[in-house]
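Let me begin by presenting the structure, written as C-alpha coordinates, before commenting on it.
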2 protein chains.
Amino acid sequence: MNDNKQRIKNVALDYFGQKGYEDTSLAEIAKEVGIKKPSIYNHFRSKEDLFVEVLEDLIASEVTAYRLTEGKMNHQEPLLNIRKLFDLFCHRLMTTKEALLWKRVTFFPPEPFKDLIQEHFIHFEKVTTSILVSVFREGVKQSLFQGITEDEFVASFLCLVDGVFLEHHYYTKEIFEQRIQSAWKVYERGVSSYKGE
Amino acid sequence: MNDNKQRIKNVALDYFGQKGYEDTSLAEIAKEVGIKKPSIYNHFRSKEDLFVEVLEDLIASEVTAYRLTEGKMNHQEPLLNIRKLFDLFCHRLMTTKEALLWKRVTFFPPEPFKDLIQEHFIHFEKVTTSILVSVFREGVKQSLFQGITEDEFVASFLCLVDGVFLEHHYYTKEIFEQRIQSAWKVYERGVSSYKGE
DNA sequence: CCTACCGATCGGTAGG
DNA sequence: CCTACCGATCGGTAGG
(Lines give C-alpha, C1' and ligand atoms only; values in the text may rest on other atoms or scores of the structure.)
Protein backbone atom coordinates (compact mmCIF):
# COMPACT_ATOMS: atom_id res chain seq x y z
CA MET A 1 0.00 0.00 0.00
CA ASN A 2 2.72 2.47 0.96
CA ASP A 3 5.12 0.82 -1.42
CA ASN A 4 4.75 3.55 -4.01
CA LYS A 5 5.22 6.28 -1.44
CA GLN A 6 8.63 4.89 -0.54
CA ARG A 7 9.48 4.39 -4.21
CA ILE A 8 8.64 8.02 -4.92
CA LYS A 9 10.92 9.12 -2.09
CA ASN A 10 13.77 6.94 -3.31
CA VAL A 11 13.55 8.30 -6.84
CA ALA A 12 13.21 11.85 -5.53
CA LEU A 13 16.31 11.44 -3.36
CA ASP A 14 18.21 10.36 -6.44
CA TYR A 15 16.94 13.06 -8.81
CA PHE A 16 17.10 15.92 -6.33
CA GLY A 17 20.70 14.95 -5.67
CA GLN A 18 21.67 14.55 -9.32
CA LYS A 19 19.81 17.49 -10.85
CA GLY A 20 18.74 19.68 -7.96
CA TYR A 21 15.32 20.50 -6.61
CA GLU A 22 14.22 23.10 -9.13
CA ASP A 23 15.44 21.19 -12.14
CA THR A 24 13.68 17.97 -11.21
CA SER A 25 10.06 17.73 -12.35
CA LEU A 26 7.38 15.66 -10.70
CA ALA A 27 6.59 14.24 -14.14
CA GLU A 28 10.01 12.62 -14.45
CA ILE A 29 9.88 11.26 -10.92
CA ALA A 30 6.47 9.75 -11.66
CA LYS A 31 7.72 8.26 -14.92
CA GLU A 32 10.67 6.60 -13.18
CA VAL A 33 8.34 5.15 -10.55
CA GLY A 34 5.93 3.99 -13.24
CA ILE A 35 2.91 6.14 -12.40
CA LYS A 36 1.47 9.41 -13.65
CA LYS A 37 2.29 12.77 -12.15
CA PRO A 38 -1.04 13.46 -10.40
CA SER A 39 -0.74 10.22 -8.48
CA ILE A 40 2.13 11.70 -6.51
CA TYR A 41 -0.43 13.95 -4.86
CA ASN A 42 -2.01 10.93 -3.24
CA HIS A 43 1.11 10.69 -1.07
CA PHE A 44 2.40 14.26 -0.82
CA ARG A 45 0.55 17.54 -0.65
CA SER A 46 3.10 19.33 -2.81
CA LYS A 47 6.57 19.12 -4.34
CA GLU A 48 7.87 21.03 -1.34
CA ASP A 49 6.30 18.47 0.97
CA LEU A 50 8.03 15.66 -0.87
CA PHE A 51 11.36 17.43 -0.57
CA VAL A 52 10.96 18.01 3.14
CA GLU A 53 10.18 14.35 3.78
CA VAL A 54 13.18 13.24 1.76
CA LEU A 55 15.38 15.70 3.63
CA GLU A 56 14.16 14.62 7.03
CA ASP A 57 14.83 10.95 6.28
CA LEU A 58 18.29 11.88 5.11
CA ILE A 59 19.18 13.75 8.29
CA ALA A 60 17.87 10.95 10.45
CA SER A 61 20.02 8.37 8.71
CA GLU A 62 23.14 10.56 8.90
CA VAL A 63 22.72 11.21 12.61
CA THR A 64 22.10 7.52 13.25
CA ALA A 65 25.29 6.56 11.44
CA TYR A 66 27.40 8.95 13.55
CA ARG A 67 25.81 7.88 16.81
CA LEU A 68 26.52 4.27 15.90
CA THR A 69 30.18 5.01 15.27
CA GLU A 70 30.39 6.89 18.55
CA GLY A 71 29.10 3.80 20.32
CA LYS A 72 31.82 1.67 18.77
CA MET A 73 34.68 3.87 19.93
CA ASN A 74 37.38 2.68 22.30
CA HIS A 75 37.82 5.60 24.64
CA GLN A 76 41.45 4.80 25.24
CA GLU A 77 42.50 5.68 21.68
CA PRO A 78 41.62 9.24 20.66
CA LEU A 79 43.72 9.30 17.49
CA LEU A 80 42.11 6.12 16.26
CA ASN A 81 38.67 7.47 17.05
CA ILE A 82 39.15 10.68 15.14
CA ARG A 83 40.36 8.63 12.20
CA LYS A 84 37.28 6.44 12.47
CA LEU A 85 35.06 9.49 12.27
CA PHE A 86 36.96 10.70 9.25
CA ASP A 87 36.67 7.33 7.52
CA LEU A 88 32.98 7.08 8.27
CA PHE A 89 32.46 10.45 6.72
CA CYS A 90 34.46 9.64 3.58
CA HIS A 91 32.79 6.27 3.20
CA ARG A 92 29.28 7.64 3.35
CA LEU A 93 30.27 10.35 0.93
CA MET A 94 31.29 7.85 -1.71
CA THR A 95 28.62 5.21 -1.31
CA THR A 96 25.30 6.82 -0.44
CA LYS A 97 22.85 8.84 -2.52
CA GLU A 98 22.05 10.77 0.63
CA ALA A 99 25.49 12.35 0.68
CA LEU A 100 25.06 13.87 -2.78
CA LEU A 101 21.78 15.53 -1.94
CA TRP A 102 23.02 16.66 1.46
CA LYS A 103 26.06 18.17 -0.18
CA ARG A 104 24.00 19.94 -2.78
CA VAL A 105 21.50 21.46 -0.39
CA THR A 106 23.99 22.52 2.24
CA PHE A 107 25.99 24.27 -0.41
CA PHE A 108 23.22 25.64 -2.59
CA PRO A 109 19.95 25.43 -0.69
CA PRO A 110 16.84 25.91 -2.83
CA GLU A 111 15.21 29.21 -1.91
CA PRO A 112 12.10 27.86 -0.14
CA PHE A 113 14.16 25.69 2.20
CA LYS A 114 17.04 27.93 3.20
CA ASP A 115 16.03 28.26 6.83
CA LEU A 116 15.03 24.64 7.22
CA ILE A 117 18.30 23.41 5.79
CA GLN A 118 20.31 25.80 7.94
CA GLU A 119 18.58 24.44 11.03
CA HIS A 120 19.39 20.87 10.03
CA PHE A 121 22.97 21.80 9.28
CA ILE A 122 23.42 23.32 12.72
CA HIS A 123 21.74 20.38 14.40
CA PHE A 124 23.95 17.95 12.53
CA GLU A 125 27.01 19.92 13.45
CA LYS A 126 26.05 19.83 17.12
CA VAL A 127 25.96 16.07 16.96
CA THR A 128 29.39 15.82 15.40
CA THR A 129 30.84 18.53 17.65
CA SER A 130 29.78 16.74 20.83
CA ILE A 131 31.51 13.58 19.61
CA LEU A 132 34.65 15.51 18.70
CA VAL A 133 34.76 17.25 22.06
CA SER A 134 34.68 13.97 23.96
CA VAL A 135 37.46 12.58 21.77
CA PHE A 136 39.52 15.72 22.36
CA ARG A 137 39.15 15.59 26.14
CA GLU A 138 40.23 12.00 26.27
CA GLY A 139 43.24 12.97 24.14
CA VAL A 140 44.19 15.80 26.47
CA LYS A 141 44.28 13.36 29.38
CA GLN A 142 46.84 11.41 27.39
CA SER A 143 48.87 14.54 26.59
CA LEU A 144 47.88 14.49 22.94
CA PHE A 145 46.87 17.61 20.99
CA GLN A 146 49.35 19.85 22.79
CA GLY A 147 49.10 23.51 21.82
CA ILE A 148 45.62 23.03 20.35
CA THR A 149 42.48 24.25 22.06
CA GLU A 150 39.18 22.41 22.04
CA ASP A 151 37.66 24.92 19.64
CA GLU A 152 40.61 24.70 17.29
CA PHE A 153 40.43 20.93 17.32
CA VAL A 154 36.77 20.92 16.42
CA ALA A 155 36.99 23.71 13.85
CA SER A 156 39.94 22.24 12.00
CA PHE A 157 38.37 18.79 11.83
CA LEU A 158 35.13 20.17 10.48
CA CYS A 159 37.04 22.22 7.93
CA LEU A 160 38.94 19.13 6.84
CA VAL A 161 35.75 17.20 6.44
CA ASP A 162 34.05 20.07 4.61
CA GLY A 163 36.97 20.30 2.22
CA VAL A 164 36.83 16.60 1.48
CA PHE A 165 33.10 16.94 1.05
CA LEU A 166 33.54 19.46 -1.72
CA GLU A 167 36.40 17.72 -3.43
CA HIS A 168 34.49 14.50 -3.80
CA HIS A 169 32.77 16.08 -6.76
CA TYR A 170 35.80 17.38 -8.56
CA TYR A 171 37.91 14.31 -9.02
CA THR A 172 37.92 10.73 -10.18
CA LYS A 173 37.80 8.15 -7.42
CA GLU A 174 41.53 7.47 -7.59
CA ILE A 175 42.63 11.07 -7.40
CA PHE A 176 40.05 11.72 -4.71
CA GLU A 177 41.50 9.00 -2.51
CA GLN A 178 44.97 10.47 -2.88
CA ARG A 179 43.60 13.86 -1.90
CA ILE A 180 41.90 12.42 1.15
CA GLN A 181 45.08 10.76 2.35
CA SER A 182 47.15 13.90 1.87
CA ALA A 183 44.68 16.14 3.64
CA TRP A 184 44.39 13.67 6.49
CA LYS A 185 48.13 13.37 6.90
CA VAL A 186 48.62 17.11 7.22
CA TYR A 187 45.68 17.36 9.58
CA GLU A 188 47.01 14.62 11.84
CA ARG A 189 50.46 16.20 11.94
CA GLY A 190 48.81 19.52 12.70
CA VAL A 191 46.89 18.35 15.73
CA SER A 192 49.75 16.22 17.03
CA SER A 193 52.32 17.65 19.36
CA TYR A 194 55.32 19.39 17.87
CA LYS A 195 57.57 17.28 20.03
CA GLY A 196 56.50 14.35 17.97
CA GLU A 197 55.50 10.90 18.88
CA MET B 1 26.38 51.61 -26.64
CA ASN B 2 27.71 48.38 -25.13
CA ASP B 3 26.86 49.62 -21.70
CA ASN B 4 23.79 47.43 -21.47
CA LYS B 5 25.66 44.36 -22.65
CA GLN B 6 28.05 44.69 -19.73
CA ARG B 7 25.18 45.39 -17.35
CA ILE B 8 23.42 42.22 -18.50
CA LYS B 9 26.58 40.23 -17.86
CA ASN B 10 27.03 41.71 -14.40
CA VAL B 11 23.49 40.89 -13.39
CA ALA B 12 23.74 37.41 -14.92
CA LEU B 13 26.94 36.73 -12.98
CA ASP B 14 25.13 37.64 -9.81
CA TYR B 15 21.94 35.66 -10.48
CA PHE B 16 23.61 32.57 -11.92
CA GLY B 17 25.77 32.48 -8.81
CA GLN B 18 22.95 33.07 -6.34
CA LYS B 19 20.25 30.92 -7.93
CA GLY B 20 21.93 28.74 -10.51
CA TYR B 21 21.67 28.69 -14.29
CA GLU B 22 18.40 26.81 -14.69
CA ASP B 23 16.62 28.72 -11.98
CA THR B 24 17.52 32.14 -13.33
CA SER B 25 15.18 33.49 -16.00
CA LEU B 26 16.09 35.97 -18.67
CA ALA B 27 13.03 37.96 -17.65
CA GLU B 28 14.40 38.65 -14.18
CA ILE B 29 17.81 39.52 -15.51
CA ALA B 30 16.19 41.98 -17.93
CA LYS B 31 14.08 43.47 -15.16
CA GLU B 32 17.12 44.05 -12.94
CA VAL B 33 18.92 45.73 -15.85
CA GLY B 34 15.87 47.82 -16.60
CA ILE B 35 15.02 46.48 -20.06
CA LYS B 36 12.61 43.88 -21.45
CA LYS B 37 13.52 40.27 -22.01
CA PRO B 38 13.67 40.27 -25.83
CA SER B 39 16.24 43.05 -25.74
CA ILE B 40 18.75 40.62 -24.32
CA TYR B 41 18.74 38.95 -27.71
CA ASN B 42 20.28 42.05 -29.21
CA HIS B 43 23.47 41.18 -27.33
CA PHE B 44 23.36 37.40 -26.97
CA ARG B 45 22.09 34.73 -29.32
CA SER B 46 20.72 32.60 -26.49
CA LYS B 47 20.72 32.08 -22.74
CA GLU B 48 23.49 29.54 -23.23
CA ASP B 49 25.54 32.12 -25.08
CA LEU B 50 25.15 34.58 -22.22
CA PHE B 51 26.29 31.98 -19.73
CA VAL B 52 29.36 31.09 -21.73
CA GLU B 53 30.44 34.72 -21.97
CA VAL B 54 29.95 35.24 -18.24
CA LEU B 55 31.92 32.10 -17.51
CA GLU B 56 34.79 33.08 -19.74
CA ASP B 57 35.11 36.51 -18.10
CA LEU B 58 35.04 34.88 -14.70
CA ILE B 59 37.90 32.52 -15.48
CA ALA B 60 39.97 35.33 -16.87
CA SER B 61 39.56 37.47 -13.76
CA GLU B 62 40.30 34.60 -11.37
CA VAL B 63 43.45 33.66 -13.21
CA THR B 64 44.54 37.30 -13.30
CA ALA B 65 44.06 37.69 -9.54
CA TYR B 66 46.18 34.66 -8.75
CA ARG B 67 48.89 35.64 -11.21
CA LEU B 68 49.02 39.09 -9.65
CA THR B 69 49.51 37.65 -6.19
CA GLU B 70 52.18 35.36 -7.52
CA GLY B 71 54.00 38.39 -8.87
CA LYS B 72 53.96 40.08 -5.48
CA MET B 73 55.56 37.17 -3.69
CA ASN B 74 58.91 37.39 -2.00
CA HIS B 75 60.56 34.15 -2.96
CA GLN B 76 62.58 34.04 0.22
CA GLU B 77 59.54 33.50 2.42
CA PRO B 78 57.50 30.42 1.48
CA LEU B 79 55.40 30.36 4.64
CA LEU B 80 54.41 33.96 4.12
CA ASN B 81 53.57 33.27 0.50
CA ILE B 82 51.30 30.37 1.24
CA ARG B 83 49.58 32.53 3.81
CA LYS B 84 49.18 35.23 1.17
CA LEU B 85 47.52 32.76 -1.17
CA PHE B 86 45.23 31.67 1.62
CA ASP B 87 44.29 35.26 2.40
CA LEU B 88 43.72 36.05 -1.25
CA PHE B 89 41.40 33.13 -1.51
CA CYS B 90 39.46 34.02 1.63
CA HIS B 91 39.25 37.63 0.58
CA ARG B 92 37.92 36.88 -2.89
CA LEU B 93 35.51 34.41 -1.39
CA MET B 94 33.96 37.04 0.79
CA THR B 95 33.99 39.95 -1.60
CA THR B 96 33.52 38.77 -5.20
CA LYS B 97 30.49 37.44 -7.02
CA GLU B 98 32.79 35.43 -9.28
CA ALA B 99 33.83 33.02 -6.54
CA LEU B 100 30.26 31.97 -5.85
CA LEU B 101 29.40 31.19 -9.45
CA TRP B 102 32.68 29.45 -10.02
CA LYS B 103 32.18 27.11 -7.09
CA ARG B 104 28.59 26.43 -8.05
CA VAL B 105 29.34 25.42 -11.59
CA THR B 106 32.38 23.35 -10.75
CA PHE B 107 30.34 21.27 -8.30
CA PHE B 108 27.02 21.18 -9.99
CA PRO B 109 27.57 22.04 -13.64
CA PRO B 110 24.40 22.70 -15.63
CA GLU B 111 23.92 19.84 -18.07
CA PRO B 112 24.69 21.72 -21.31
CA PHE B 113 28.06 22.97 -20.03
CA LYS B 114 29.54 19.97 -18.31
CA ASP B 115 32.43 19.53 -20.73
CA LEU B 116 33.19 23.22 -21.07
CA ILE B 117 33.30 23.71 -17.31
CA GLN B 118 35.50 20.68 -16.79
CA GLU B 119 38.01 22.08 -19.27
CA HIS B 120 38.09 25.43 -17.49
CA PHE B 121 38.41 23.70 -14.13
CA ILE B 122 41.45 21.76 -15.24
CA HIS B 123 43.04 24.88 -16.64
CA PHE B 124 42.40 26.86 -13.47
CA GLU B 125 43.76 24.12 -11.29
CA LYS B 126 46.94 24.04 -13.34
CA VAL B 127 47.43 27.72 -12.61
CA THR B 128 46.95 27.41 -8.85
CA THR B 129 48.90 24.19 -8.64
CA SER B 130 51.88 25.69 -10.44
CA ILE B 131 51.95 28.56 -7.94
CA LEU B 132 51.73 26.16 -5.00
CA VAL B 133 54.46 23.98 -6.45
CA SER B 134 56.88 26.88 -6.80
CA VAL B 135 56.20 27.94 -3.22
CA PHE B 136 56.75 24.40 -2.06
CA ARG B 137 60.07 24.03 -3.86
CA GLU B 138 61.40 27.25 -2.42
CA GLY B 139 60.36 25.97 1.00
CA VAL B 140 62.17 22.69 0.51
CA LYS B 141 65.38 24.57 -0.23
CA GLN B 142 64.98 26.19 3.17
CA SER B 143 64.29 22.86 4.86
CA LEU B 144 60.66 23.67 5.43
CA PHE B 145 57.84 21.17 4.79
CA GLN B 146 59.89 18.20 5.96
CA GLY B 147 58.11 14.88 5.58
CA ILE B 148 55.58 16.36 3.15
CA THR B 149 55.62 15.62 -0.56
CA GLU B 150 54.79 18.12 -3.25
CA ASP B 151 51.47 16.40 -4.01
CA GLU B 152 50.54 16.32 -0.35
CA PHE B 153 51.35 19.99 0.00
CA VAL B 154 49.16 20.94 -2.93
CA ALA B 155 46.30 18.60 -2.02
CA SER B 156 46.12 19.64 1.61
CA PHE B 157 46.13 23.32 0.75
CA LEU B 158 43.34 22.91 -1.78
CA CYS B 159 41.36 20.90 0.75
CA LEU B 160 41.83 23.61 3.36
CA VAL B 161 40.62 26.21 0.96
CA ASP B 162 37.62 24.14 -0.13
CA GLY B 163 36.63 23.59 3.49
CA VAL B 164 36.82 27.28 4.19
CA PHE B 165 34.69 27.90 1.15
CA LEU B 166 31.87 25.68 2.30
CA GLU B 167 31.90 27.11 5.77
CA HIS B 168 31.63 30.61 4.44
CA HIS B 169 27.99 29.87 3.67
CA TYR B 170 27.04 28.77 7.13
CA TYR B 171 28.44 31.01 9.77
CA THR B 172 28.28 34.60 10.79
CA LYS B 173 31.32 36.63 9.89
CA GLU B 174 32.76 36.45 13.38
CA ILE B 175 32.45 32.69 13.79
CA PHE B 176 33.71 32.24 10.24
CA GLU B 177 36.89 34.18 10.98
CA GLN B 178 37.52 32.08 14.09
CA ARG B 179 37.10 28.97 11.97
CA ILE B 180 39.52 30.25 9.37
CA GLN B 181 42.16 30.98 11.96
CA SER B 182 41.82 27.56 13.62
CA ALA B 183 41.94 25.69 10.33
CA TRP B 184 44.93 27.71 9.20
CA LYS B 185 46.81 27.11 12.46
CA VAL B 186 46.43 23.34 12.22
CA TYR B 187 47.33 23.40 8.55
CA GLU B 188 50.46 25.42 9.17
CA ARG B 189 51.55 23.11 12.00
CA GLY B 190 50.82 20.16 9.74
CA VAL B 191 53.04 21.28 6.89
CA SER B 192 55.80 22.54 9.20
CA SER B 193 58.55 20.28 10.34
CA TYR B 194 58.00 18.14 13.40
CA LYS B 195 61.23 19.39 14.82
CA GLY B 196 59.67 22.78 15.10
CA GLU B 197 60.83 26.20 14.24
C1' DC C 1 -4.59 5.19 -9.39
C1' DC C 2 -6.12 7.69 -13.93
C1' DT C 3 -7.47 11.44 -17.91
C1' DA C 4 -8.14 15.99 -18.82
C1' DC C 5 -7.21 20.35 -17.84
C1' DC C 6 -5.73 25.03 -15.37
C1' DG C 7 -2.81 29.46 -15.09
C1' DA C 8 1.90 30.75 -14.91
C1' DT C 9 6.28 30.89 -16.71
C1' DC C 10 10.00 29.38 -19.57
C1' DG C 11 13.37 30.44 -23.82
C1' DG C 12 12.87 32.33 -27.98
C1' DT C 13 10.77 34.82 -32.45
C1' DA C 14 8.34 38.28 -35.54
C1' DG C 15 8.09 42.65 -36.79
C1' DG C 16 8.73 47.34 -36.23
C1' DC D 1 15.13 49.05 -27.77
C1' DC D 2 9.90 47.65 -27.69
C1' DT D 3 4.96 44.94 -27.91
C1' DA D 4 2.85 40.87 -28.97
C1' DC D 5 3.07 36.32 -29.38
C1' DC D 6 4.78 31.02 -30.03
C1' DG D 7 4.99 26.04 -28.24
C1' DA D 8 6.64 23.56 -24.33
C1' DT D 9 6.68 22.58 -19.68
C1' DC D 10 6.00 23.55 -14.92
C1' DG D 11 3.25 22.51 -10.26
C1' DG D 12 -1.17 21.61 -9.13
C1' DT D 13 -6.59 20.55 -9.42
C1' DA D 14 -11.18 18.43 -10.76
C1' DG D 15 -13.59 14.59 -11.05
C1' DG D 16 -14.08 9.87 -11.34
Side-chain angles (χ1 to χ4, degrees), chain A residues 1-57 101 104-105 108-117, chain B residues 1-57 101 104-105 108-117:
Chain A
M1 213 65 180
N2 266 348
D3 219 42
N4 271 351
K5 177 163 186 176
Q6 195 52 50
R7 292 228 293 273
I8 292 166
K9 280 160 77 169
N10 286 339
V11 173
L13 171 65
D14 201 8
Y15 277 57
F16 287 154
Q18 296 281 344
K19 311 181 44 173
Y21 174 76
E22 308 283 2
D23 202 32
T24 297
S25 72
L26 294 180
E28 62 190 328
I29 292 174
K31 193 176 177 183
E32 181 79 21
V33 174
I35 58 178
K36 300 295 179 186
K37 181 182 67 172
S39 302
I40 292 178
Y41 288 86
N42 274 321
H43 303 289
F44 305 94
R45 261 178 294 184
S46 64
K47 189 186 182 185
E48 296 196 2
D49 237 60
L50 169 59
F51 180 84
V52 169
E53 282 205 32
V54 168
L55 188 71
E56 236 112 64
D57 286 2
L101 179 56
R104 191 187 271 272
V105 301
F108 300 111
E111 267 276 357
F113 310 109
K114 275 197 167 164
D115 291 345
L116 178 69
I117 289 165
Chain B
M1 214 66 181
N2 266 347
D3 218 42
N4 271 351
K5 177 164 186 176
Q6 195 53 52
R7 292 229 292 272
I8 292 166
K9 281 161 75 169
N10 286 340
V11 173
L13 171 66
D14 198 8
Y15 277 59
F16 288 156
Q18 295 282 343
K19 310 181 45 173
Y21 174 76
E22 309 282 3
D23 200 34
T24 297
S25 73
L26 294 181
E28 62 190 329
I29 292 174
K31 193 176 179 185
E32 181 78 21
V33 173
I35 58 178
K36 300 296 180 186
K37 181 183 67 171
S39 302
I40 291 178
Y41 288 86
N42 274 322
H43 303 289
F44 306 93
R45 260 178 296 182
S46 64
K47 189 185 180 185
E48 295 195 2
D49 238 60
L50 170 58
F51 180 83
V52 170
E53 283 206 34
V54 168
L55 187 72
E56 237 112 64
D57 286 3
L101 179 56
R104 190 189 271 272
V105 301
F108 301 109
E111 268 277 357
F113 309 109
K114 277 197 164 162
D115 291 346
L116 179 69
I117 288 165

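Note that the structure is predicted; figures quoted are calculated from it, not measured.
If you measure from atom OH of B:Y41 to atom P of C:dG12, you get 4 Å, rounded to the nearest angstrom. The interatomic distance linking A:Y21 (OH) with D:dG11 (C1') rounds to 9 Å, in whole Å. In this entry the distance linking CZ of A:F44 with P of D:dG11 reads 15 Å, nearest Å. Per the geometry, CG belonging to A:L50 stands 12 Å off C1' belonging to D:dG11, to the nearest Å. At whole-Å resolution of the value, CZ in B:R45 and C1' in C:dT13 are 16 Å apart.
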Protein N or O to nucleotides 2-4 of chain D N or O, pairs below 3.5 Å:
residue : atom : partner : partner atom : Å
D:dC2   : OP1  : B:K36   : N            : 3.4
D:dC2   : OP2  : B:K36   : N            : 2.8
D:dC2   : OP2  : B:S39   : OG           : 2.3

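Remark: A:K5 is positioned above the aromatic ring of A:F44, its terminal NZ or CZ atom under 6.0 angstrom from the ring centre and at most 45 degrees off the axis. Geometric assessment of B:R104 against the ring of B:F16 yields a negative cation-pi assignment under the 6.0 Å and 45° thresholds.
Pairing partner, C:dG16: D:dC1, with both Watson-Crick or wobble hydrogen-bond distances short of 3.5 Å.
A search for side chain to side chain contact (heavy atoms under 4.5 Å, CB included) contacts involving B:K19 returns B:Y15, B:D23, B:T24, B:E28, not counting sequence neighbours.
Side-chain atoms of A:K47 come within 3.5 Å of backbone N or O of A:Y21 as a donor-acceptor pair.
Looking at B:V33 and B:N10, their side chains never come closer than 4.5 Å, going by heavy atoms from C-beta outward.
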